Amino acid sequence: MTDQPSLGGPPPQSSVDPQVPHPARIYDYLLGGKDHYTADRAAAEETIRRAPQVRESARANRAWMRRAVRYLAGRGVRQFLDIGTGIPTSPNLHEVAQEASPDCRVVYADNDPVVLAHARALLSSTPQGRTAYVQADVRRPDEILTAPELWSTLDRDRPVALMLSAILHFVRDEEDPGGIVAALRDALPPGSYLALSHTTNDIQPERAANAAAVYGERRAAALMVPRPLDRVTAFFDGFDVVEPGVVQLPRWHPDGPVPPRLLDEVWLYGGVGRLHDG
Ligand SMILES: C[S@@+](CC[C@H](N)C(=O)[O-])C[C@H]1O[C@@H](n2cnc3c(N)ncnc32)[C@H](O)[C@@H]1O
């Protein structure tokens with residue numbers, strides 16, 4: 001075990017505190033990646049001890065992201081704003097989108113400097129498409145919306161898919177996650193979409209609450225706030241949610257039969273909505 005992440009890119013340009021577990025690195029550990037410090041691994045292991053299926057949840061979330069991107073590309077969306085990108089994990093969002101259509105453009109945003117250090121892997125666009133990376137915090141949506149990279153990469157006149165995959169449960173109620181989504185929504189061009197996934201404690205309330213508590217107990221960079229179905233659905237205010245609605249991730253446009261055990265093990269909801277016309 002080392003206290004250095006094995007970074008493939010340049011060193012992070014803003015400060016990383018290896019003593020403070022960070023959601024991006026905990027998630028990377030859960031997905032079997034290699035970019036995490038001792039404190040991240042300890043927090044992840046404690047979460048696994050309390051909720052052994054959490055790795056399955058992480059994999060299911062990543063698989064849902066891929067299905068949602070393919071679904072959106074299939075409806076003609078060619079532009080994506082992915083906030084809370086995560087440490088690159090192949091295939092990354094732009095790779096999924098550009099496999100569907102090589103001209104897709106993707107702007108990534110995350111607040112973990114370790115993700116920034118890996119931005120090179122996120123910038124490997126096809127020649128026909130484009131990608132950009134913005135170091136930013138979703139709790140300050142204006143910083144994302146006014147970042148020069150955003151509208152120099154994406155066309156303001158064409159639909160954008162706003163991707164909020166497994167990030168809003170790191171925003172506390174006092175930080176107004178609904179207001180954040182509304183601010184981002186109001187900047188989207190007509191015909192845009194929201195794709196959002198979010199942890200819940202509806203499935204196994206006590207175990208989910210106990211596992212989420214690790215973030216507070218370990219003084220992680222963000223707390224984990226699981227929310228019930230009605231609260232997750234409320235984030236789609238101003239959008240028409242597409243079939244099958246906001247559902248447990250394995251139920252959302254599955255690639256094949258859903259093993260029943262996944263419905264016990266995946267404690268996240270997700271959905272896709274299309275911005276109301278007018
Ligand atoms: C669980 S990972 C999800 C990664 C990816 N979206 C996916 O679904 O596979 C959550 C990501 O959100 C980022 N994040 C958490 N809080 C954030 C914030 N306030 N602003 C920007 N990014 C944040 C973390 O750094 C991490 O990369």
Side-chain angles (χ1 to χ4, degrees), residues 5 12 14 16-17 20-33 35-37 40 43-44 47 54-69 80-97 106-119 121-122 133-145 147 150 161-177 179-181 183-184 194-200 211-212 214-215 220-226 249 252 266-272:
S14 41
V16 175
D17 185 345
V20 177
H22 196 286
R25 287 169 256 143
I26 294 172
Y27 186 66
D28 182 71
Y29 182 85
L30 296 176
L31 288 174
D35 298 300
H36 30 71
Y37 296 96
D40 305 310
T47 308
V54 69
R55 284 197 138 121
E56 192 72 76
S57 279
R59 284 194 290 268
N61 182 68
R62 200 74 195 167
W64 170 83
M65 180 278 284
R66 294 193 295 267
R67 296 200 303 283
V69 168
F80 296 81
L81 170 57
D82 179 36
I83 307 179
T85 299
I87 291 167
T89 301
S90 185
N92 294 295
L93 192 153
H94 73 279
E95 292 162 331
V96 179
V106 179
V107 174
Y108 290 111
D110 204 288
N111 73 345
D112 183 355
V114 171
V115 179
L116 173 65
H118 286 276
L122 301 170
Y133 183 81
V134 178
Q135 171 82 4
D137 194 307
V138 73
R139 293 169 296 183
R140 294 189 290 278
D142 282 354
E143 286 181 14
I144 298 172
L145 295 172
L150 179 61
L162 169 62
M163 306 292 300
L164 296 174
S165 174
I167 178 173
L168 276 192
H169 48 232
F170 296 116
V171 179
R172 290 174 287 135
D173 286 350
E174 311 85 278
E175 295 169 326
D176 190 17
I180 291 168
V181 179
L184 294 166
L194 168 66
L196 179 151
S197 65
H198 196 294
T199 303
T200 186
V214 171
Y215 286 75
L223 297 181
M224 162 80 80
V225 188
L249 296 185
W252 198 90
V266 178
W267 299 348
L268 291 107
Y269 292 122
V272 168

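By convention here, the first residue in the shown sequence is residue 1. Given the structure is predicted, the values throughout are model-derived calculations rather than measurements. Order of appearance sets the numbers: ligands from 1, and atoms from 1 within every ligand.
No hydrogens or angles considered: nothing links the side chains of Tyr108 and Asn92 as a donor-acceptor pair under 3.5 Å.
Summary of contacts: the protein heavy atom closest to atom 11 (C) of ligand 1 is Gly84 O, 3.6 Å. Scanning the protein heavy atoms around atom 8 (O) of ligand 1, the nearest turns out to be Ser165 OG, 2.5 Å. With respect to atom 23 (C) of ligand 1, the closest heavy atom belonging to the protein is Asn111 OD1, 3.3 Å. Atom 10 (C) of ligand 1 has as its closest protein heavy atom Ala166 O, 3.2 Å. In this structure, atom 16 (N) of ligand 1 lies nearest to the protein heavy atom Phe170 CB, 3.9 Å. Looking only at protein heavy atoms, the nearest one to atom 19 (N) of ligand 1 is Asp137 OD1, 2.8 Å. Protein heavy atom in closest approach to atom 20 (N) of ligand 1: Val138 N, 2.9 Å. For atom 13 (C) of ligand 1, the nearest protein heavy atom (residue, atom name, distance) is Asp110 OD2, 3.4 Å.
For ligand 1, none of its N or O atoms has an N or O atom of Asp112 under 3.5 Å away. An N or O contact shorter than 3.5 Å is missing between Pro23 and ligand 1 by distance. Distances between N or O atoms of Asp82 and those of ligand 1 include no value under 3.5 Å. Between Ile167 and ligand 1, no pair of N/O atoms sits closer than 3.5 Å. Checked against a 3.5 angstrom limit, the closest N/O atoms of His169 and ligand 1 fall outside it.
Using a 4.5 Å heavy-atom cutoff, the side chains of Thr47 and Met224 are not in contact. Side-chain contact check for Tyr27 versus Thr89: every heavy-atom pair is 4.5 Å or farther apart. Within the 4.5 Å cutoff, side-chain heavy atoms of Tyr133 are placed close to those of Leu122. Within the 4.5 Å cutoff, the side chain of Val16 has heavy atoms near those of the Arg25 side chain.
Residue Ala136 has at least one heavy-atom neighbour below 4.0 Å for each of these atoms of ligand 1: 20 (N), 21 (C). Heavy-atom proximity to His22, at under 4.0 Å, picks out these atoms of ligand 1: 24 (C), 25 (O). Listed by number with element, the atoms of ligand 1 under 4.0 angstrom from any heavy atom of Gly86 are 4 (C), 27 (O).
A donor-acceptor pair under 3.5 Å is formed between the side chain of Asp110 and the backbone N or O of Gly86. Although no hydrogens or angles enter the test, the distance criterion places no donor-acceptor pair under 3.5 Å between the side chain of Ser90 and the main chain of Pro88. Although no hydrogens or angles enter the test, the distance criterion places no donor-acceptor pair under 3.5 Å between the side chain of Thr200 and the main chain of Tyr269. In this structure, the side chain of Asp28 does not engage the main chain of Ile87 through any donor-acceptor pair within 3.5 Å. Here the side chain of Ser197 pairs a donor or acceptor atom with the backbone of Ala166 at under 3.5 angstrom.
Of all the heavy atoms of Thr85, the ones lying under 4.0 Å from any atom of ligand 1 belong exclusively to the backbone. Contacts of Ala222 with ligand 1, taken as heavy-atom pairs under 4.0 Å, are absent altogether. Neither the backbone nor the side chain of Met65 comes within contact range of ligand 1; no heavy atom lies under 4.0 Å.
Separating the CG atom in Asn61 from the OG atom in Ser165 is a distance of 4.0 Å, to the nearest 0.5 Å.
Classified by interplanar angle (parallel below 30°, tilted 30° to 60°, perpendicular above 60°), the ring pair His198/His169 is perpendicular.
Under the 4.0 angstrom criterion for non-hydrogen atoms, Met163 is not in contact with ligand 1.
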